[in-house]
Amino acid sequence: MASGKILVAQGGGPTAVINQSLAGVVLEARRFRDCSRVYGALHGVRGIINEDLVDLTRETSHNLELVAATPSSALGSTRDKPDAAYCAEIFNVLRAHDIEQFYYIGGNDSSDTVRIVSEQAHAAAYPLRCIHIPKTIDNDLVGSDHTPGFPSAARFVAQAFAGANLDNAALPGVYVGVVMGRHAGFLTAASALGKKFPDDGPHLIYLPERVFSLERFLQDVKATYARYGRCVIAVSEGIHDASGAPIASLLAKEVERDAHGNVQLSGTGALADLLCDEIKAKLGIKRVRGDTLGYLQRSFIGCVSDVDQREAREVGEKAVQFAMWGERDGSVAIQRTGFYSVDYELLALADVAGKTRTMEDAFISASGTDVTDAFRLYLRPLLGSGMPDAFRLRPAPVAKILKR
């Protein structure tokens, strides 16, 4: 490294542990004698072209540790998707500051951004090492066992549905909770980890990996309600009909898309409202409630997996090591080893960018409305230590005297 300057940025949706990866990059880079400066770009690649940079080398280790334990993207984020002209502006700024390494923390779209920047840098003969650091609560990056951010969000979803189930058991009715997940149902499936007793909810789980039929849905709810006298339902925001059209987008008057062409599914309670209205109208059940978990899943403070924290830090550290000691660009991936431990690999950007992982069939029950034990075994270690538990009274009925 001639200048020894590197740049790190964050893209896409925030998570509870994305700042662990940021701290991992900064603290690990500062251990290398060849690294003279670690800069951060505010609001992702948009911050680069605006030359909104901060010197993270000057941050104290103590403050970095405090920020690392804080949810959301400390540098800010963006969903900009660069093209050749955009990249030319990026390189103008990078050249002006003699930056030789670029680290981008993000999910699918961010990995594609890194691929584009890497390819354009090669085409422009600009010597820039580009490393993608994984992050997404959707857990849908190809090539990784799981992705930082997902375990903490899954922990929140499991706890949220455990609480909703307790509420629903006290005042029986139907509860519908809509969970994030465009194409992959991992996060919605995590709701099953809140179950303890056989009759606990969620009783029904609907994932984007299976075609959603409103008629079948109503039949399932009716049968479950008849069996338990109540019904707790977890639904992915990305459920779709047989044509592949998201149910949520079919309801919207106007379909909004981001810079990467994705239909905006979050930020509206329309899907929960529709399903609740259908249950009331078609099944005649009066007590029906719906929630859209929305952004609460991403950066809920105080609900963080310690396993997720550790691994998010390590992917940042490994990114720096791959860049300093390697000779190629790539995407850091987590690989599971043993009963539960992990190792890290650097995958080719082309093998990750623009691709989406979905839940494996082995994780989804034959009915399509539940998960298998294989999924429970997969997810449980990721949720971390100290998961709260729920208990029940052991009632000893008193004999009736009035025979009522």
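Since the model is a prediction, treat every value here as computed from it, not as a measurement. Below, all heavy atoms of this structure are taken into account, side chains as well, without hydrogens, waters or symmetry copies.
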- Message: Run the salt bridge (charged side-chain N to carboxylate O under 4.0 Å, His left out) test on K81 and D112 for me, step by step, so that the C-alpha distance in whole Å, both residues' side-chain angles and the decisive distance to 0.1 Å come before the verdict.
- Response: CA-CA 8 Å; K81 181 176 182 177; D112 200 31; 3.7 Å; yes
Check: [X]/[Y] side-chain N/O donor and acceptor closer than 3.5 Å:
{"X": "D329", "Y": "S118", "result": "yes"}
{"X": "Q10", "Y": "N19", "result": "yes"}
{"X": "S61", "Y": "R30", "result": "yes"}

Heavy atoms from other residues, nucleotides or ligands near [atom1] of [X] exceed 12 (cutoff 6.0 Å):
{"X": "R328", "atom1": "CZ", "answer": "yes"}
{"X": "F339", "atom1": "CZ", "answer": "no"}
{"X": "R58", "atom1": "CZ", "answer": "no"}

- Residue list, side-chain hydrogen bond (donor to acceptor under 3.5 Å, both in side chains) with Q297, at least two apart or on another chain: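 Applying side-chain hydrogen bond (donor to acceptor under 3.5 Å, both in side chains) to Q297 gives none.
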- Can you find a heavy atom in the side chain of Y175 that is under 4.5 Å from one in the side chain of R287?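 No, too far: nothing below the 4.5 Å cut-off.
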- Task: Kindly indicate whether the side chain of N108, heavy atoms from C-beta on, has any atom under 4.5 Å from the side chain of T356.
- Result: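 A side-chain contact exists here, since the closest heavy-atom pair is under 4.5 Å.
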Keeping the roles fixed (side chain from [X], backbone from [Y]), state whether a donor-acceptor pair exists under 3.5 Å.
{"X": "S152", "Y": "S305", "answer": "yes"}
{"X": "S213", "Y": "R216", "answer": "yes"}
{"X": "K195", "Y": "A158", "answer": "no"}

- Task: Under the salt bridge (charged side-chain N to carboxylate O under 4.0 Å, His left out) rule, what do E65 and R313 come out as? Steps first, then yes or no, please.
- Result: CA-CA 10 Å; E65 292 293 354; R313 174 68 65 94; 2.7 Å; yes
- Where Q101 and A323 come nearest, the two heavy atoms and their spacing: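 What the structure gives for the nearest pair is OE1-CB, 3.7 Å.
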- Task: Applying ring pair (Phe, Tyr, Trp, His ring centres under 6.0 Å), name anything that partners H203, two or more places apart in sequence or on another chain.
- Result: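 With sequence neighbours excluded, H203 shows a ring pair (Phe, Tyr, Trp, His ring centres under 6.0 Å) to Y228, given in chain and number order.
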- Message: Holding to ring pair (Phe, Tyr, Trp, His ring centres under 6.0 Å), I want the full list of residues that pass it with F32, two or more places apart in sequence or in another chain.
- Response: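 Listed in chain order: W325.
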- Pairs flagged by ring-ring contact (aromatic ring centres under 6.0 Å, His included) wherever residues 341-372 is involved - sequence neighbours left out: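 For residues 341-372, and leaving out neighbouring residues, the ring-ring contact (aromatic ring centres under 6.0 Å, His included) pairs sorted by first residue read F363-F375, F363-Y378.
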- Verify salt bridge (charged side-chain N to carboxylate O under 4.0 Å, His left out) between E314 and K318, making sure each step is shown before the conclusion. CA-CA 6 Å; E314 290 180 342; K318 294 302 295 184; over 6 Å; no
- Task: If the plane angle is over 60° it's perpendicular, under 30° parallel, otherwise tilted; pick one for F217 and Y206.
- Result: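 Taking Y206 first and then F217, their aromatic rings stand perpendicular (interplane angle over 60°).
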- Message: The criterion is side chain to side chain contact (heavy atoms under 4.5 Å, CB included); which residues satisfy it with A153, sequence neighbours excluded?
- Response: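 If we apply the side chain to side chain contact (heavy atoms under 4.5 Å, CB included) test to A153, skipping adjacent residues, the hits are I137, L187.
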- Which salt bridge (Lys or Arg N to Asp or Glu O under 4.0 Å) pairs, counting each pair once, include a residue from residues 361-389, with sequence neighbours left out?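 As it turns out, the salt bridge (Lys or Arg N to Asp or Glu O under 4.0 Å) pairs with a partner in residues 361-389, which skip direct neighbours, are K196-D389, R210-D361, D370-R376, D373-R376.
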